A.B. asks: 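Just passing along the structure, written as structure tokens.
Since this is a predicted model, take the numbers as computed values, not measurements.
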Amino acid sequence: MTWVYEARLYDSKSVASYVAMCIRDDHLQSGNTDLRVQVYKTRRGNYGVRYRRDVSV
């Protein structure tokens, strides 16, 4: 599976972590338990959020 990147970058890791938590919680409420959410740091020092569904074969 490929990563889906959020359109915004954030100045602080705490804000990006909050967005990641909201994405994870939204998917858990809809019944998707196989979601993987990550916070990553760009070369310029901003933080972003990406996620993908992990499919077990």
A.B. asks: Taking transitive links into account, so neighbours of neighbours count too, which hydrophobic residues share a cluster with Tyr18 at under 4.5 Å side-chain distance?
C.D. replies: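 Direct or chained contacts put Tyr18 with Met21.
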A.B. asks: Answer with yes or no whether the hydrophobic clustering places Tyr10 together with Tyr5; edges join I, L, V, M, F, W, Y residues whose side-chain heavy atoms lie under 4.5 Å apart.
C.D. replies: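 No, because Tyr10 and Tyr5 fall into different hydrophobic clusters, even though each may have its own neighbours under 4.5 Å.
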A.B. asks: Nearest 0.5 Å, what's the CG-CG distance between Leu35 and Leu28?
C.D. replies: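 The CG atom of Leu28 is 7.5 Å from CG of Leu35, to the nearest 0.5 Å.
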A.B. asks: Could you tell me which residues satisfy side chain to side chain donor-acceptor pair (under 3.5 Å) with Ser17, sequence neighbours excluded, listed by chain and number?
C.D. replies: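 Per chain and number, Ser17 pairs via side chain to side chain donor-acceptor pair (under 3.5 Å) with no residue.
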A.B. asks: With sequence neighbours excluded, what pairs up with Tyr51 under the ring-ring contact (aromatic ring centres under 6.0 Å, His included) test?
C.D. replies: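 For Tyr51 the ring-ring contact (aromatic ring centres under 6.0 Å, His included) partners, ignoring immediate neighbours, are His27.
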A.B. asks: If you round to the nearest 0.5 Å, how far is CZ of Arg53 from CG of Asp34?
C.D. replies: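 So the gap between those two atoms works out to 4.5 Å.
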A.B. asks: The criterion is salt bridge (charged side-chain N to carboxylate O under 4.0 Å, His left out); which residues satisfy it with Arg52, sequence neighbours excluded?
C.D. replies: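 For Arg52, the residues satisfying salt bridge (charged side-chain N to carboxylate O under 4.0 Å, His left out) (neighbours in sequence not counted) are Asp54.
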A.B. asks: Look up atom CZ in Arg24 and atom CD in Gln29, then write down how far apart they are to the nearest 0.5 Å.
C.D. replies: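 One finds 11.0 Å between CZ of Arg24 and CD of Gln29.
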A.B. asks: Under the side chain to side chain donor-acceptor pair (under 3.5 Å) test, which residues partner Ser12, sequence neighbours left out?
C.D. replies: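 With sequence neighbours excluded, Ser12 shows a side chain to side chain donor-acceptor pair (under 3.5 Å) to Ser14, given in chain and number order.
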A.B. asks: Any side chain to side chain donor-acceptor pair (under 3.5 Å) pairs touching residues 37-46, not counting sequence neighbours?
C.D. replies: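 Pairs touching residues 37-46 that pass the test: Gln38-Arg50.
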A.B. asks: Among the clusters formed by ILVMFWY side chains lying less than 4.5 Å apart, do Leu9 and Trp3 turn up in the same one?
C.D. replies: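 Yes, same cluster.
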A.B. asks: Testing the basics here: between Ala16 and Val49, what is the closest heavy-atom pair and its distance to 0.1 Å?
C.D. replies: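 That closest heavy-atom pairing would be O-CG2, 3.4 Å.
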